[in-house]
Participant: 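One structure, pasted below without further comment.
Sequence lines set the chain letters: A, B, ... in the order given, protein chains first and strands last, and positions in each chain run from 1.
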Amino acid sequence: MAQEQIRAALEAVAVQLGATAPVVVELETPRDKGHGDLSTNLAMQLAKPLRSAPRKIAEQIVAALRLGPDLVEAVEIAGPGFINFRLAPGQLNETVRTILAEGAEYGRQRVAQPLRVNVEFVSANPTGPLHVAHGRGAALGDCVASLLAWLGHEVTREFYVNDAGVQINRLGESLWARVQERAGREAAIPEQGYHGAYLLELAERLVGERGAGFADQPAATGVTACRDYAVAALKAEQRADLEAFRVRFDVFFDESRLYQTAPAGSADARSPIDRALAELEGHGALFEEEGALWLRTTAHGDDKDRVLRKSDGTYTYFLPDIAYHQDKAARGFDRSIDVWGADHHGYVPRMRAAMLALGHGDAFFAAIIVQLVTVLRGGEEVKMSKRAGDFITLRELVDEVGVDAARYFFLMRRSESPFAFDVDLATRQTDENPVFYVQMAHARMSGIFRVGGVDAGTVRAEGADIAALPEAMEADLVKTLGRFPLVVRRAAEALEPHRVTTYLEELARAAHLWYHHCHVLGEPAPVERARLALARATQIVLANGLSLLGLGAPERM
RNA sequence: GCGCCAGUAGCUCAGCUGGAUAGAGCGGCAGCCUUCUAAGCUGCGGGUCGGAGGUUCGAGUCCUCCCUGGCGCGCCA
């Protein structure tokens with residue numbers, strides 16, 4: 001790629017001028033087309049270390065640069081010391097040739113050091129159906145995982161199941177209460193229990209399967225049976241909903257595993273919890289006070305130290321969480337990226353502190369915080385209350401707007417921004433709806449091949465002179481296409497899928513513009529040939545971008 | 001009271017990890033269909049980047065303080 005060649009040349013010249021060896025050359029595409037195709041602020045960066053004026057350094061750099069005329073057409077110094085490069089027209093052909101040659105692989109790359117990355121997301125308690133906020137986390141986690149995979153990292157999608165603890169018992173008690181109600185007895189849903197209508201349905205099913213006598217057993221065994229039944233049923237339902245949302249997990253990790261010891265004869269029979277405690281002890285991170293066992297998280301930036309084992313001898317939820325992350329490290333992951341809801345953001349500092357206390361590097365743990373989702377229908381916010389079991393489920397949303405629109409909408413905003421999901425907009429089949437706008441651009445490219453009777457897969461760049469095409473917007477389109485790999489890389493590094501949707505909308509705009517002004521079929525042979533190649537390249541990049549987001553690329557709409 | 005996130009055009013939001021004259025969509029106004037999808041395209045208006053200081057060649061972006069909104073601050077999960 002032209003960019004890498006220029007970067008390498010600049011690095012060499014910088015060292016030659018006396019810059020200390022590892023020079024990081026920033027090369028960006030300027031906003032203003034008048035500033036060329038690529039631009040670097042290198043001279044300004046070197047002004048201080050070299051104790052010289054930026055423009056003077058820029059002149060020295062330009063004088064020493066040796067770039068072939070087939071690569072760069074012009075080099076200019078501008079403003080306070082920018083060096084602007086205008087690429088040779090032949091580079092347009094090079095870009096299209098690369099896209100057509102790589103096809104569905106275009107945009108995928110191979111980082112120098114691939115890592116094993118665990119992306120943990122959704123991780124909803126099996127105490128109810130998934131709701132819209134889970135959908136946002138699901139789309140986001142899935143796409144972050146895809147982005148990292150596109151860079152060449154080895155990615156595992158993981159769902160942590162809180163199948164132990166107080167909430168699960170309350171679920172069992174809640175279902176048992178519904179079963180009792182059904183049998184005509186007085187029964188109350190426990191304090192902080194689950195009131196949703198879905199437990200009524202579960203009670204119906206449970207009694208149907210086990211017989212009317214089920215309600216007559218002692219409460220102790222009844223609650224246990226209800227608990228196991230509800231957890232199994234809700235887990236299955238959640239997985240089915242995710243599957244319908246095109247999210248597939250590699251691993252469902254049960255919290256209960258953390259309490260289990262290894263089979264006799266294992267090298268280390270301790271449970272993950274006990275092992276984590278021992279490791280924290282080994283790092284000198286624990287202390288006892290007032291009968292409780294504490295982790296000194298303040299040593300790593302937390303506000304206050306945190307209790308791991310209460311004075312009554314039971315563990316806080318924090319310890320299994322630490323053990324879980326330690327288990328990820330033990331399974332060989334270099335990074336753990338956790339997608340959490342906004343209501344958990346307060347736990348980020350303590351988890352980071354725990355990981356640092358265990359000797360992990362700063363890069364091991366990262367949390368992506370997903371802000372709240374509200375739903376707009378008819379311009380009005382739909383009221384939701386999780387406590388009352390009154391909320392819009394992911395399933396309902398997907399049924400209403402479709403998988404493509406739901407995924408796209410969840411991905412198109414930065415995760416830290418609160419998001420109002422406008423279901424009317426998502427179902428609208430007009431240009432106001434960005435997902436239709438982008439998919440339509442792909443359908444239009446496909447339409448050219450369909451109408452022309454051309455098999456898109458057979459289009460080749462060889463002999464197609466894109467650089468000779470008459471309209472300026474054609475070169476702009478190619479340059480936009482050429483930015484795709486960089487967009488993927490930046491989005492992956494920042495863990496921000498919305499950069500891809502923003503880019504796709506920009507690309508779609510360029511594609512619609514071009515489609516409208518530049519006719520393909522029936523043009524003079526050289527023009528038709530070049531434009532078929534350009535349409536094919538555009539179709540490929542749109543399809544790759546949509547596929548990265550987990551969306552379909554329709555041939556017609 | 002403390003912490004985290006947000007505050008950019010009438011509305012919804014981008015802004016490439018500090019770059020050049022802050023962008024897009026929608027809405028508003030004015031245009032464009034014998035041509036591969038008008039589900040589209042073109043043009044015009046529209047801004048004290050919440051406020052005040054600071055850092056430097058250069059700040060929407062980094063630091064400090066303040067204002068507004070959301071979320072969170074337990075030996076609960």
Side-chain angles (χ1 to χ4, degrees), chain A residues 26 28-32 34-35 39-41 44-45 47-48 53-55 78-82 84 125 127 162 164-168 170 192 289-294 302-304 306-318 320-321 341-349 369 371-372 412-420 422 425 428-434 436-437 439-441 443-452 454 483 486-487 489-491 493-494 496 498-499 501-503 505-506 508-509 511-523 531-532 535 556-557:
Chain A
E26 289 176 41
E28 61 173 30
T29 58
R31 261 195 270 258
D32 187 340
H35 296 137
S39 178
T40 183
N41 60 1
M44 279 117 85
Q45 300 287 359
K48 197 165 274 180
R55 287 197 68 110
F82 290 101
N84 298 332
N125 289 352
T127 54
N162 287 96
V166 193
Q167 288 305 321
I168 294 298
R170 290 195 183 122
Q192 295 190 55
E289 196 174 290
E290 297 173 26
L293 184 66
W294 299 68
D302 197 9
D303 302 346
K304 44 182 152 182
R306 308 290 172 176
V307 171
L308 295 180
R309 192 179 59 216
K310 294 179 262 182
S311 48
D312 67 4
T314 63
Y315 298 137
T316 62
Y317 69 92
F318 187 33
D321 277 357
D343 52 342
H344 287 85
H345 75 249
Y347 306 110
V348 173
I369 298 302
Q371 288 291 337
L372 211 77
M412 72 183 179
R413 299 279 177 258
R414 297 161 58 217
S415 70
E416 315 91 80
S417 303
F419 179 54
D422 185 336
L425 178 61
R428 215 168 291 160
Q429 315 251 317
T430 72
D431 55 311
E432 296 161 69
N433 183 347
F436 275 89
Y437 187 77
Q439 289 185 318
M440 187 63 196
R444 285 189 142 171
M445 296 304 119
S446 305
I448 295 171
F449 299 112
R450 186 173 59 246
V451 172
V454 178
R483 272 176 33 225
L486 181 65
V487 169
R489 206 183 82 213
R490 300 265 197 206
E493 285 168 357
E496 292 181 349
H498 79 272
R499 295 186 188 220
T501 62
T502 303
Y503 167 80
E505 284 166 45
E506 185 185 338
R509 201 175 312 128
H512 283 302
L513 174 65
W514 175 76
Y515 177 89
H516 189 74
H517 285 99
C518 301
H519 204 260
V520 178
L521 302 174
E523 295 295 308
R531 285 188 174 155
L532 278 173
R556 61 197 308 169
M557 296 179 74

Participant: Do A:Asp343 and B:rA77 have a side chain to base donor-acceptor pair shorter than 3.5 Å?
Facilitator: no
Participant: Counting any heavy atom closer than 4.0 Å, what does A:Val166 reach on the DNA or RNA strands: base, sugar-phosphate only, or nothing?
Facilitator: sugar-phosphate
Participant: Is A:Tyr347 side chain donor-acceptor paired with the B:rA77 base, going by distance under 3.5 Å alone?
Facilitator: yes
Participant: Starting at the 5' end of RNA chain B, which residue's closest nucleotide do you reach first, A:Glu493 or A:Glu505?
Facilitator: A:Glu493
Participant: With a non-hydrogen cut-off below 4.0 angstrom, is A:Arg428 in contact with a base, only sugar-phosphate, or nothing?
Facilitator: nothing
Participant: Give a yes or no on whether A:Arg556 atom CZ has more than 12 heavy-atom contacts from other residues, nucleotides or ligands under 6.0 Å away.
Facilitator: no
Participant: What is the distance, to the nearest angstrom, from the CZ atom on A:Phe419 to the C1' atom on B:rC5?
Facilitator: 17 Å
Participant: How far, in whole Å, is B:rA20 from B:rC66 if one measures between their C1' atoms?
Facilitator: 32 Å
Participant: Any strand counts, and the cut-off is 3.5 Å on both contacts for Watson-Crick or G-U wobble. Which nucleotide pairs with B:rG1?
Facilitator: B:rC73
Participant: Would you mind reading off the distance between A:Ile369 atom CD1 and B:rG3 atom P, rounded to a whole angstrom?
Facilitator: 18 Å
Participant: Look only at the side chain of A:Asp32 and the backbone of A:Gly34, and say whether a donor-acceptor pair between them is shorter than 3.5 Å.
Facilitator: yes
Participant: Go through B:rC71, B:rG15, B:rG3 for me and flag the one nearest to the A:Ala342 side chain.
Facilitator: B:rC71
Participant: The side chain of A:Tyr317 is closest to which nucleotide in this list: B:rA24, B:rA77, B:rA39?
Facilitator: B:rA77
Participant: Decide yes or no for A:Ser415 and A:Gln371: does some side-chain heavy atom of the first lie under 4.5 Å from some side-chain heavy atom of the second?
Facilitator: no
Participant: Check the distance between B:rA77's P and A:Asn162's CG and give it to me in whole angstrom.
Facilitator: 11 Å
Participant: Does some side-chain heavy atom of A:Leu532 sit less than 4.5 Å from a side-chain heavy atom of A:Phe449?
Facilitator: yes
Participant: So if I take every side-chain heavy atom of A:Glu290 and compare against B:rU37, B:rC75, B:rA20, which nucleotide ends up nearest?
Facilitator: B:rC75
Participant: In whole angstrom, give the distance that lies between atom OH of A:Tyr503 and atom P of B:rA24.
Facilitator: 18 Å
Participant: What is the separation between atom CZ on A:Arg413 and atom C1' on B:rC11, rounded to the nearest whole Å?
Facilitator: 11 Å
Participant: Within less than 4.0 Å of OP1 or OP2 of B:rC16, is there a side-chain N or O belonging to A:Arg483?
Facilitator: no
Participant: Is the phosphate of B:rC76 approached by A:Lys310 (side-chain N or O, under 4.0 Å from OP1 or OP2)?
Facilitator: yes
Participant: Counting just side-chain N and O atoms, does A:Arg556 come under 4.0 Å of either OP1 or OP2 of B:rU37?
Facilitator: no
Participant: Ignoring the backbone of A:Ile448, work out which of B:rU42, B:rC36, B:rA6 is nearest its side chain.
Facilitator: B:rC36
Participant: State which of B:rA39, B:rC41, B:rA20 makes the closest approach to the side chain of A:His517.
Facilitator: B:rC41
Participant: Within this structure, what is the OH-to-P distance between A:Tyr437 and B:rU37, rounded to whole angstrom?
Facilitator: 17 Å
Participant: What's the gap between B:rG46 and B:rG70 when it is taken at their C1' atoms, as a whole Å value?
Facilitator: 29 Å
Participant: Looking at the side chain of A:Glu28, which of B:rC75, B:rU12, B:rG19 is the nearest nucleotide?
Facilitator: B:rG19
Participant: Do A:Arg499 and A:Glu493 meet the salt-bridge criterion of a basic N to acidic O distance under 4.0 Å?
Facilitator: no
Participant: Whole Å only: how far is the CD atom of A:Glu506 from the C1' atom of B:rA14?
Facilitator: 10 Å
Participant: Quick one: the side chain of A:Ser311 and the base of B:rC75, do they pair up donor-acceptor inside 3.5 Å?
Facilitator: yes
Participant: Measure from the side-chain heavy atoms of A:Leu521 and tell me the nearest of B:rA14, B:rC36, B:rC16.
Facilitator: B:rC36
Participant: A:Ala535 near the nucleic acid: base, sugar-phosphate alone, or nothing, with a heavy-atom cut-off under 4.0 Å?
Facilitator: nothing
Participant: Heavy atoms from C-beta onward define the side chain here; which of B:rC26, B:rU42, B:rC57 lies closest to that of A:Glu432?
Facilitator: B:rC26
Participant: Look at all strands and tell whether A:Pro54 reaches a base, only sugar-phosphate, or nothing, counting heavy atoms closer than 4.0 Å.
Facilitator: nothing
Participant: Taking the minimum atom-to-atom distance to the side chain of A:His516, which one of B:rA20, B:rC41, B:rA39 wins?
Facilitator: B:rC41
Participant: Establish, with yes or no, whether the OP1 or OP2 oxygen of B:rA20 is under 4.0 angstrom from a side-chain nitrogen or oxygen of A:Arg31.
Facilitator: yes
Participant: Side chain of A:Thr316, base of B:rA77: donor and acceptor closer than 3.5 Å?
Facilitator: no
Participant: With a 3.5 Å limit on both atom pairs, tell me what B:rC26 is paired to, counting Watson-Crick and G-U wobble, or say none.
Facilitator: B:rG10
Participant: Looking at the side chain of A:Ser417, which of B:rA14, B:rC75, B:rG19 is the nearest nucleotide?
Facilitator: B:rA14
Participant: Could A:Glu505 and A:Arg509 be called an ion pair, given the rule that one side-chain N must be under 4.0 Å from one carboxylate O?
Facilitator: no
Participant: Would you mind reading off the distance between A:Asp302 atom CG and B:rC73 atom C1', rounded to a whole angstrom?
Facilitator: 11 Å
Participant: Would you say the ring centers of A:His512 and A:Tyr515 fall short of 6.0 Å from each other?
Facilitator: no
Participant: Provide the distance between the two P atoms, one in B:rU8 and one in B:rU48, to the nearest whole Å.
Facilitator: 11 Å
Participant: Does the side-chain ring of A:Phe82 sit on the six-membered ring of the B:rG19 base, less than 5.5 Å centre to centre and under 30° in tilt?
Facilitator: no
Participant: What is the pairing partner of B:rU17, taking Watson-Crick or G-U wobble pairs with both distances under 3.5 Å in any strand?
Facilitator: none
Participant: Need one value for A:Ser39: base, sugar-phosphate or nothing, where a base atom within 4.0 Å counts as base even if backbone is also close, heavy atoms only.
Facilitator: base
Participant: Quantified in whole Å, what is the C1' atom distance between nucleotide B:rU56 and nucleotide B:rC63?
Facilitator: 13 Å
Participant: Could you please name the partner base of B:rU48, counting Watson-Crick and G-U wobble pairs only when both distances are under 3.5 Å?
Facilitator: none
Participant: Syn or anti for B:rC73? Use the chi torsion, O4'-C1'-N9-C4 for purines and O4'-C1'-N1-C2 for pyrimidines, with syn inside 90° of 0.
Facilitator: anti
Participant: Does the structure show A:His345 stacking with B:rC5, if we require the centres to be closer than 5.5 Å and the planes to be within less than 30 degrees of parallel?
Facilitator: no
